[in-house]
Amino acid sequence: MTKQLELSLNREKQHDRNFHVGGRSFYFFDFDENIAFLATPSFVFHRETRKEVQLSSREFITHANQFGKSGPYKDFVIDLDPVAGTFRCFRDQDLGWLEKIFGRKQKFLHDVAAALGAPDVQWRGPSWDYFYHAVFNGRPIALITARGHHPETIKAGIRIMVREKQLPNEPNYLGVYPVSHPDILNQLGGVEGEIPMLKRKALRQSVEDAMRVYGDNPHHRFGMSDDDPKNLKWIMDEMVELKKRYPSNSFFVIETTHGRCVKHEILRDRIREQVCIPDAATGTSQEARQLALFEESSD
């Protein structure tokens, strides 16, 4: 029996903070480097020879602002071709019927399964405990990721986590937004490659969907977790705009950059920050009740 399953057996489900007045807590998550660390590679290409270099997710993030400009990859560029380009492993492959018969699966599913074969501390991201808390308690969830897989592929990857008993059940999905997928791009009215803006649009869509599905209740609370500084700026800007539109609701951004965990609470006249202090015994930001960062905050 896994450690995560043991934890769920000893945990009681909790109502939302504002359950008594019809409020819900909505959790929006980035996936890579946030919920989980996967070994999905990216590729950059020499601008003249077209030689390709494979990079890990961490390497890609570290040098993202240097490609084609400076540093060790000043002569290397990003190629957005979905089949042979930089992010080809972050897209679904066009599998033929014969490949499907012989059990070939999308790379995302292989990467998730491979990660779960490693020790928990290697693949669980800084927001894993918050993700688990939200799933366990049935909180409405939206996944907002730069990946370009079909939403059903993302859900299939999460089902592997359920099958391997890392999650107690499938999430209560409000939405799944792999913002580089053609259908999602069309839905959001965005441009491929403009990830921060696409995530911002998906965030706004998720809040509007929450109000439509669960009612326009002033006691709803919304939080999004992401690790990329560029994305976080746009997410923060959108949260400020959402606070203006829904002044009675609570909005939070959970920043997990470089292993940090900082909660930004969007107030009417300012942004209040709080560093999440890890528990000395577990290394996580407090167990059970306090895992829901924005459910425990004051208005």
Side-chain angles (χ1 to χ4, degrees), residues 24 26-35 40 42 60-61 64-65 67 77-94 106 108 140-158 171-217 220-247 249 251-255 264 266:
R24 301 295 300 266
F26 297 88
Y27 285 73
F28 308 145
F29 292 97
D30 172 42
F31 188 87
D32 290 280
E33 314 294 314
N34 193 51
I35 289 178
T40 309
S42 300
F60 186 87
I61 292 172
N65 293 323
F67 298 133
V77 296
I78 291 172
D79 184 342
L80 295 180
D81 182 276
V83 177
T86 297
F87 305 113
R88 60 182 184 258
C89 294
F90 289 81
R91 309 288 188 267
D92 281 350
Q93 298 171 295
D94 186 12
Q106 296 293 346
F108 179 67
I141 286 174
L143 298 177
I144 302 176
T145 169
R147 285 178 175 265
H149 307 291
H150 191 282
E152 290 302 320
T153 301
I154 301 294
K155 290 183 179 181
I158 300 299
N172 174 18
Y173 289 112
L174 179 68
V176 179
Y177 292 91
V179 300
S180 296
H181 188 273
D183 291 349
I184 303 300
L185 272 171
N186 183 61
Q187 179 182 338
L188 297 175
V191 177
E192 185 174 5
E194 295 183 353
I195 300 303
M197 177 57 77
L198 288 166
K199 283 196 167 187
R200 179 174 183 168
K201 286 174 176 283
L203 169 59
R204 175 170 287 264
Q205 183 65 57
S206 296
V207 172
E208 292 175 348
D209 285 346
M211 293 298 192
R212 176 177 53 82
V213 174
Y214 292 90
D216 188 345
N217 189 312
H220 291 330
R221 301 165 74 83
F222 302 89
M224 179 159 180
S225 173
D226 203 301
D227 68 291
D228 189 305
K230 297 190 297 296
N231 295 336
L232 285 162
K233 177 188 180 303
W234 288 87
I235 291 167
M236 196 84 70
D237 289 346
E238 183 58 32
M239 286 291 198
V240 170
E241 293 302 312
L242 287 166
K243 182 65 176 180
K244 294 176 183 177
R245 181 175 176 181
Y246 304 105
N249 293 102
F251 295 91
F252 303 84
V253 177
I254 309 301
E255 174 189 353
H264 304 267
I266 314 301

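This one's a predicted model, so the numbers in the text were calculated from it and none came from an experiment. Residues take their numbers from the sequence shown, with the count starting at 1.
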K.L.:
Should the pair Asp30-Lys199 be classified as a salt bridge under the 4.0 Å nitrogen-to-oxygen rule?
P.N.:
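Salt bridge: yes.
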K.L.:
For residues Tyr246 and His220, determine if any side-chain heavy atom of one lies less than 4.5 Å from a side-chain heavy atom of the other.
P.N.:
no
K.L.:
Specify the closest pair of heavy atoms between Ser206 and Ile144, including all atoms of both residues, with the distance to one decimal.
P.N.:
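That would be OG-CD1, 4.0 Å.
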K.L.:
Do you know the tightest heavy-atom contact between Asn231 and Ile195?
P.N.:
OD1-CG2, 3.8 Å
K.L.:
Throw together a table of side-chain donor-acceptor distances under 3.5 angstrom for residues 210-217, partners on residues two or more places apart or in other chains.
P.N.:
| unit_1 | atom_1 | unit_2 | atom_2 | d |
| --- | --- | --- | --- | --- |
| Arg212 | NH2 | Asp209 | OD1 | 3.2 |
| Tyr214 | OH | Asn172 | ND2 | 3.3 |
| Asn217 | OD1 | His219 | N | 2.7 |
| Asn217 | ND2 | Val21 | O | 3.1 |
| Asn217 | ND2 | Gly22 | O | 3.2 |

K.L.:
Is there side-chain contact between Lys201 and Gln205, with heavy atoms separated by less than 4.5 Å?
P.N.:
no
K.L.:
Taking the ring centre of each residue, are Phe26 and Phe251 less than 6.0 Å apart?
P.N.:
no
K.L.:
Do Asp237 and Lys233 touch side chain to side chain, with heavy atoms closer than 4.5 Å?
P.N.:
yes
K.L.:
Side chains of Arg200 and Glu194: closer than 4.5 Å at any heavy-atom pair?
P.N.:
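Contact flag for Arg200/Glu194 side chains = no.
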K.L.:
Looking only at heavy atoms, what is the nearest atom pair of Ala84 and Arg88, with distance?
P.N.:
O-NH1, 3.1 Å
K.L.:
Is the centre of the Tyr27 ring less than 6.0 Å from the centre of the Phe222 ring?
P.N.:
no
K.L.:
With a 3.5 Å distance limit and no angle check, can you tell me whether Lys243 reaches the backbone of Asn249 through a side-chain donor-acceptor pair?
P.N.:
yes
K.L.:
Are Phe28 and Ser225 packed together at the side-chain level, in the sense that at least one heavy-atom pair is separated by less than 4.5 angstrom?
P.N.:
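A side-chain contact under 4.5 Å is absent here.
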K.L.:
Can you sort out the partners of Arg91 under side-chain contact (heavy atoms from CB on, under 4.5 Å), two or more places apart, ordered by chain and number?
P.N.:
Phe87, Ser180, Glu192
K.L.:
Taking C-beta and beyond as the side chain, do Met224 and Val253 meet within less than 4.5 Å on heavy atoms?
P.N.:
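The answer is no; the side chains never approach within 4.5 Å.
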K.L.:
Can you check whether Gln93's main-chain N or O pairs, donor with acceptor, with Gln106's side chain at less than 3.5 Å?
P.N.:
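Yes, because the side chain of Gln106 sits within donor-acceptor range (under 3.5 Å) of the backbone of Gln93.
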K.L.:
How far apart are the closest heavy atoms of Ile266 and Val240, and which atoms are they?
P.N.:
CG2-CA, 3.9 Å
K.L.:
Only distances under 3.5 Å count here; give the side-chain donor-acceptor pairs of residues 145-155 to other protein atoms, sequence neighbours excluded, each with its distance to 0.1 Å.
P.N.:
| unit_1 | atom_1 | unit_2 | atom_2 | d |
| --- | --- | --- | --- | --- |
| Thr145 | OG1 | Arg147 | N | 3.1 |
| Arg147 | NE | Asp32 | OD1 | 3.4 |
| Arg147 | NE | Asp32 | OD2 | 2.7 |
| Arg147 | NH1 | His149 | NE2 | 2.9 |
| Arg147 | NH2 | Asp32 | OD1 | 2.9 |
| Arg147 | NH2 | Thr40 | OG1 | 2.9 |
| His149 | ND1 | Asp92 | OD1 | 2.9 |
| His150 | ND1 | Glu152 | N | 3.0 |
| Thr153 | OG1 | Asp92 | OD1 | 3.4 |
| Thr153 | OG1 | Asp92 | OD2 | 2.9 |

K.L.:
Does some side-chain heavy atom of Asn34 sit less than 4.5 Å from a side-chain heavy atom of Ile254?
P.N.:
no
K.L.:
Is there a donor-acceptor contact under 3.5 Å from the side chain of Thr86 to the main chain of Asp79?
P.N.:
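Answer holds: yes.
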K.L.:
Counting C-beta onward and ignoring hydrogens, is there a side-chain heavy-atom pair between Leu143 and Ile158 closer than 4.5 Å?
P.N.:
yes
K.L.:
Show, in sequence, the C-alpha distance, side-chain angles and deciding distance for Phe108 and Phe90, and conclude whether the ring-ring contact (aromatic ring centres under 6.0 Å, His included) test is met.
P.N.:
CA-CA 7 Å; Phe108 179 67; Phe90 289 81; 9.2 Å; no
K.L.:
Identify the two heavy atoms, one from Leu80 and one from Ile78, that lie closest to each other, and give their separation to 0.1 Å.
P.N.:
CD2-CG2, 4.0 Å
